[in-house]
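See structure below.
Numbers here simply count residues along the sequence, with the first being 1.
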Amino acid sequence: MTPWVTRLIFANAAVFLLTSTVPGAEQFLGLGPAGVLLRPWTPITYMFVHAGFMHILFNMVGLFFFGPRLEARLGGRRFLGLYFTSGLAGAAASVMTPNALIVGASGAIFGVLYGFAHYWPREKVYIWGVLPVEMWLLVAGYTAFSLFGAMTGGGGIAHFAHLGGFVGGFLFIRIAERYSPAARFKARAA
């Protein structure tokens, strides 16, 4: 485990315990896109609130498996930048569902998934422990599922936050690569 992945998992677990035991905490920390001007902290805090044990479990499993390698590749500061940019992009995309209460780290996690697929597109992930799928295909499948869900109003899932997370991850990686020290070195050498 890497430092920031560990800290993010612990922060998510702590907020989950808080919202599970303090009445009204989920509504106070969750993102209501229509009321964001009244609660301007929620585009950040919603990333740490989860709607049940399975919700936090799936998000933290994704962070646990894909985050450390990506953090090692990007460095802690850029990994956090990717994580929060993706989560904020998920919050921004959630304006498409202005009256919903948006909770969960899924936008940030989808940005991490994109980042992992960007650097290791052919890496195989085993769905249910048996079905091998390359990362690029997993991300493409999640994107298609989220697009379909967003168009059909799919069942209490923040599909726009997922899509926003992918977009945020894509933009962050593109900008980070363009302005990285290695890119500047290549430009000077050319």
Side-chain angles (χ1 to χ4, degrees), residues 1-13 15-16 29-33 36 40-51 55-97 100-121 123 125 135-147 149-150 154 157-180:
M1 285 279 279
T2 51
W4 283 109
V5 169
T6 303
R7 291 176 185 126
L8 287 167
I9 289 173
F10 277 115
N12 276 279
V15 173
F16 180 71
L29 298 173
L31 173 67
V36 75
W41 58 88
T42 60
I44 296 287
T45 57
Y46 93 101
M47 290 183 241
F48 296 93
V49 179
H50 288 84
H55 189 207
I56 191 170
L57 178 67
F58 281 117
N59 278 333
M60 295 305 101
V61 164
L63 183 57
F64 177 82
F65 281 110
F66 301 109
R69 195 160 155 199
L70 189 59
E71 182 179 345
R73 166 89 188 223
L74 295 175
R77 195 169 129 234
R78 285 198 176 191
F79 177 78
L80 273 182
L82 169 70
Y83 187 89
F84 282 105
T85 298
S86 300
L88 288 169
S94 295
V95 301
M96 300 300 289
T97 53
L101 181 68
I102 310 298
V103 296
S106 301
I109 301 301
F110 275 47
V112 170
L113 290 176
Y114 170 79
F116 194 95
H118 177 82
Y119 292 111
W120 302 283
E123 185 86 14
V125 175
M135 271 308 291
W136 73 269
L137 188 56
L138 182 71
V139 168
Y142 274 141
T143 303
F145 177 76
S146 294
L147 281 169
I157 297 172
H159 294 292
F160 286 107
H162 296 173
L163 293 168
F166 278 142
V167 170
F170 171 81
L171 292 173
F172 185 88
I173 295 287
R174 294 295 179 204
I175 292 168
E177 285 182 341
R178 184 174 197 160
Y179 296 103
S180 74

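- Pro43 is linked by a side chain to side chain contact (heavy atoms under 4.5 Å, CB included) to Leu31, Val36, Leu88, Ala91, counting only residues two or more places apart in sequence or in another chain.
- The aromatic rings of Phe110 and Tyr142 sit tilted relative to each other, their planes meeting at an angle between 30° and 60°.
- Atom OH in Tyr114 sits 10.5 Å away from atom OG in Ser86 (nearest 0.5 Å).
- Phe116 and Phe66 make their closest contact through CD1-O, 3.5 Å (heavy atoms, listed as atom of the first residue, atom of the second, distance).
- When atom types are taken as modelled, the side chain of Arg78 and the backbone of Ala176 share a donor-acceptor pair closer than 3.5 angstrom.
- Note that the NE2 atom of His162 and the OG atom of Ser94 stand 9.0 Å from one another [nearest 0.5 Å].
- In this structure Leu171 satisfies the side chain to side chain contact (heavy atoms under 4.5 Å, CB included) test together with Val167, sequence neighbours excluded.
- The salt bridge (charged side-chain N to carboxylate O under 4.0 Å, His left out) analysis of residues 58-70, with sequence neighbours excluded, yields the pairs Arg69-Glu123.
- Rounding to the nearest 0.5 Å gives a distance of 4.5 Å between CE of Met96 and CZ of Phe160.
- Considering only heavy atoms from C-beta on, Ser106 comes within 4.5 Å of His55 through its side chain.
- For residues 1-13, the pairs satisfying side chain to side chain donor-acceptor pair (under 3.5 Å) are Thr2-Glu71, with sequence neighbours left out.
- Contact of the Met135 side chain with the Leu113 side chain is registered, since non-hydrogen atoms from C-beta on lie closer than 4.5 Å.
- Residue Phe145 holds its CZ atom at 11.0 Å from CG of Leu163, rounded to the nearest 0.5 Å.
- The shortest side-chain heavy-atom distance between Phe58 and Ile109 does not fall under the 4.5 Å cut-off.
- A heavy-atom distance below 4.5 Å is found between the side chains of Val112 and Phe79.
- Annotation: side chain to side chain contact (heavy atoms under 4.5 Å, CB included) contacts of Ala100 (sequence neighbours excluded): Thr97, Ile102.
- The side chain to side chain contact (heavy atoms under 4.5 Å, CB included) check on Ile175 picks up Tyr179, with sequence neighbours excluded.
- At least one side-chain heavy atom of Met47 sits less than 4.5 Å from a side-chain heavy atom of Phe84.
- Between the side chain of His50 and the main chain of Ala105, a donor-acceptor pair closer than 3.5 Å is present.
- Atom CD1 of residue Ile44 and atom CG of residue Leu29 lie 12.5 Å apart, to the nearest 0.5 angstrom.
- Residue Trp136 qualifies as open at atom CH2: its count of foreign heavy atoms under 6.0 Å is 12 or below.
- Ring geometry for Tyr83 against Phe48 counts as tilted: the plane angle lies between 30° and 60°, on a 0 to 90° scale.
- Val139 has its side chain out of reach of His118: every pair of non-hydrogen atoms, C-beta onward, lies at least 4.5 Å apart.
- In this structure, Trp120 and Leu70 have side chains that are in contact, with non-hydrogen atoms separated by less than 4.5 Å.
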